[in-house]
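Sending over a structure as structure tokens; questions will come in a sec.
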Amino acid sequence: MIRTVESEPHASAPVLAAYRYCEAVTGQQARNFAYGIRLLPTPKRRAMSALYAFSRRVDDIGDGALAGDVKLARLEETRALLARIRAGAVEEDDTDPVAVALAHAARHFPIPLGGLDELIDGVQMDVRGETYETWDDLKVYCRCVAGAIGRLSLGVFGTEPGARGAERAPEYADTLGLALQLTNILRDIREDAEGGRTYLPADDLAKFGCSAGFRGPRPPEGSDFAGLVHFEVRRARALFAEGYRLLPLLDRRSGACVAAMAGIYRRLLDRIERDPEAVLRGRVSLPGREKAYVAVRGLSGLDTRHVTRRTVRRRA
């Protein structure tokens, strides 16, 4: 069982200022993520914002315009900062607000900070331009950049006391991260291609005649692009189905947070499935009112009850 503190941990003025900075970063740069974490109690929301702000810093290094060798050096500097946080060597008056907030969060929640090392590993794979022959190869990358975030988040959420199957919560959190990342990969196919990146497995691209890549608003000549997208959508749906088994293991508000974030991505997946070529024409997104509906649905516990009923039927 993974427990977290339920009372609000004491925070000094410098720590509160650091958290406010992280929450501002989250609100400005992670609208889907922010919709979910606003459902959490204050201590958990702050801790999740600190995790996001540190993760955003790592991602921004990888996505920036610096030369590859400079990016790799910056990533190692960030890894060294993480080691300082892990060692408890970041003081509350440190000039880096993200480090201050994350250090405070890690003292009050059992956050497996090694997951952030995995994230750095994954971004280094991006910087080096790695490509993936098979789904098994891509899973390694997805576990670094998304599965690890699921496991880190679970350190903040904790599991409900006495929840049956709670020992599998990290596995479900990891799988849900894979589902979200595969959805991201489908949504960003053209944008990634224009940046010189290809994430979908080469085996899958070849199977559907898409090895030529995606640099325009139309699929490669003679390809079965819709077939490729529907194939990957089915894979993502299977991952969501498995990852959603996490929901009944969480308290109500943590479960609502996860259901809201995952629900937004599932609806993105629905849109991509209905119109596969939309991802080549522009960025597929949800309007604010639909995100709000997903958040309310998560808070109502509908998704959690659905997973619980399905699990009970499976055991019967």
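Here the structure is a predicted model, which means the values were calculated and not measured.
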Ile189 side, atom CD1; Cys210 side, atom SG - distance, nearest 0.5 Å: 8.0 Å
To check you understand the geometry: which heavy-atom pair defines the closest contact between Ala99 and Leu81, and what is its length? CB-CD1, 3.9 Å
Between Asp270 and Arg266 (salt bridge meaning N to carboxylate O under 4.0 Å), is one present in this structure? no
Quick one: pull up CZ in Arg253 and CD1 in Ile37 and give me the separation to the nearest 0.5 Å. 12.5 Å
Minimum heavy-atom separation for Gly115 to Ala148, with atom names? O-CB, 3.4 Å
Any chance you could measure Leu200, atom CG, to Trp135, atom CH2, to the nearest 0.5 Å? 9.5 Å
If you measure from OG on Ser254 to CG on Leu249, what distance do you get to the nearest 0.5 Å? 11.5 Å
List the steps, then state whether side-chain contact (heavy atoms from CB on, under 4.5 Å) holds for Leu51 with Leu116. CA-CA 9 Å; Leu51 277 174; Leu116 290 170; 4.2 Å; yes
Side-chain touch Pro219/Leu280, heavy atoms, less than 4.5 angstrom: yes
Looking only at heavy atoms, the pair that brings Leu152 and Leu113 closest together is CD2-CA, 4.1 Å
Taking the six-membered ring of Phe231 as reference, does the NZ or CZ atom of Lys207 fall below 6.0 Å from its centre and within a 45° cone about the axis? yes
Please walk me through it: do Phe214 and Leu228 pass side-chain contact (heavy atoms from CB on, under 4.5 Å)? CA-CA 12 Å; Phe214 315 102; Leu228 170 68; 3.9 Å; yes
Might you work through the side chain to side chain donor-acceptor pair (under 3.5 Å) test for Arg56 and Gln28, ending with a clear yes or no? CA-CA 11 Å; Arg56 180 76 261 169; Gln28 292 166 6; over 6 Å; no
With the threshold set at 4.0 Å, does a side-chain nitrogen-carboxylate oxygen contact exist between Arg84 and Asp94? yes
Under 4.5 Å between any side-chain heavy atoms of Tyr172 and Glu242, yes or no? yes
Residue pair Val145 / Val123: nearest heavy atoms and the distance that separates them: CG1-N, 4.3 Å
Any side-chain heavy atom of Leu72 sitting closer than 4.5 Å to one from Glu76? no
Any Lys/Arg nitrogen of Arg283 or Glu191 sitting under 4.0 Å from an Asp/Glu carboxylate oxygen of the other? yes
Closer than 4.0 angstrom, basic N to acidic O: yes or no for Arg235 and Asp204? yes
Just wondering, do Arg45 and Tyr19 contact through their side chains at under 4.5 Å, heavy atoms? no
Exam field: side chain Asp63 to backbone Asp60, donor-acceptor pair closer than 3.5 Å: no
Ser223 side chain vs Pro220 backbone, donor-acceptor pair below 3.5 Å: yes
Just so I know, are the side chains of Ile149 and Tyr52 near enough to count as touching, which here means a heavy-atom distance under 4.5 Å? no
Check the pair Asp174 / Arg168 against salt bridge (Lys or Arg N to Asp or Glu O under 4.0 Å), numbers first and verdict last. CA-CA 10 Å; Asp174 184 275; Arg168 296 192 66 183; over 6 Å; no
In Å and rounded to the nearest 0.5 Å, what is the OG1 to CD distance from Thr183 to Glu232? 10.5 Å
Flag yes if more than 12 heavy atoms outside Arg74 fall under 6.0 Å of its CZ atom; otherwise flag no. no
Do Val233 and Leu182 come close enough that some side-chain heavy atom pair is under 4.5 Å? no
Between Asp188 and Arg197, does the salt bridge (Lys or Arg N to Asp or Glu O under 4.0 Å) criterion hold? Intermediate values first, please. CA-CA 10 Å; Asp188 297 339; Arg197 294 177 180 173; over 6 Å; no
Straight-line distance of Glu133 CD to Leu205 CG, nearest 0.5 Å: 9.5 Å
Is any side-chain heavy atom of Phe240 less than 4.5 Å from a side-chain heavy atom of Thr175? no
Could you tell me which non-hydrogen atom of Cys142 sits nearest to which non-hydrogen atom of Ile185, and how far apart they are? SG-CD1, 4.2 Å
Derivation and outcome, salt bridge (Lys or Arg N to Asp or Glu O under 4.0 Å), residues Arg245 and Glu171: CA-CA 10 Å; Arg245 296 176 71 177; Glu171 172 191 336; over 6 Å; no
Closest non-hydrogen atoms of Gly64 and Lys71, given as atom of the first, atom of the second and distance, are O-NZ, 2.8 Å
Do the side chains of Glu118 and Arg151 get close enough for a salt bridge, i.e. N-O under 4.0 angstrom? yes
His104 side chain vs Val100 backbone, donor-acceptor pair below 3.5 Å: no
Under 4.0 Å between a side-chain nitrogen and a carboxylate oxygen: does that hold for Asp96 and Arg57? yes
Could you give me the CA-CA distance, side-chain angles and deciding distance for Lys139 and Tyr132, then say whether side-chain contact (heavy atoms from CB on, under 4.5 Å) is met? CA-CA 9 Å; Lys139 274 196 295 189; Tyr132 309 97; over 6 Å; no
Answer yes when Glu290 and Arg267 have at least one side-chain N-carboxylate O distance shorter than 4.0 Å, and no when they do not. yes
Distance-only side-chain donor-acceptor flag, Asp126 / Tyr199, under 3.5 Å: yes
Side-chain contact, heavy-atom cut-off 4.5 Å: Arg190 with Val279? no
Hey, is CZ on Arg218 packed in by over 12 heavy atoms from elsewhere, all under 6.0 Å? no
In sequence, state the C-alpha distance, the side-chain angles, and the governing distance for Leu250 and Leu246, and then conclude on side-chain contact (heavy atoms from CB on, under 4.5 Å). CA-CA 7 Å; Leu250 306 177; Leu246 175 66; 4.0 Å; yes
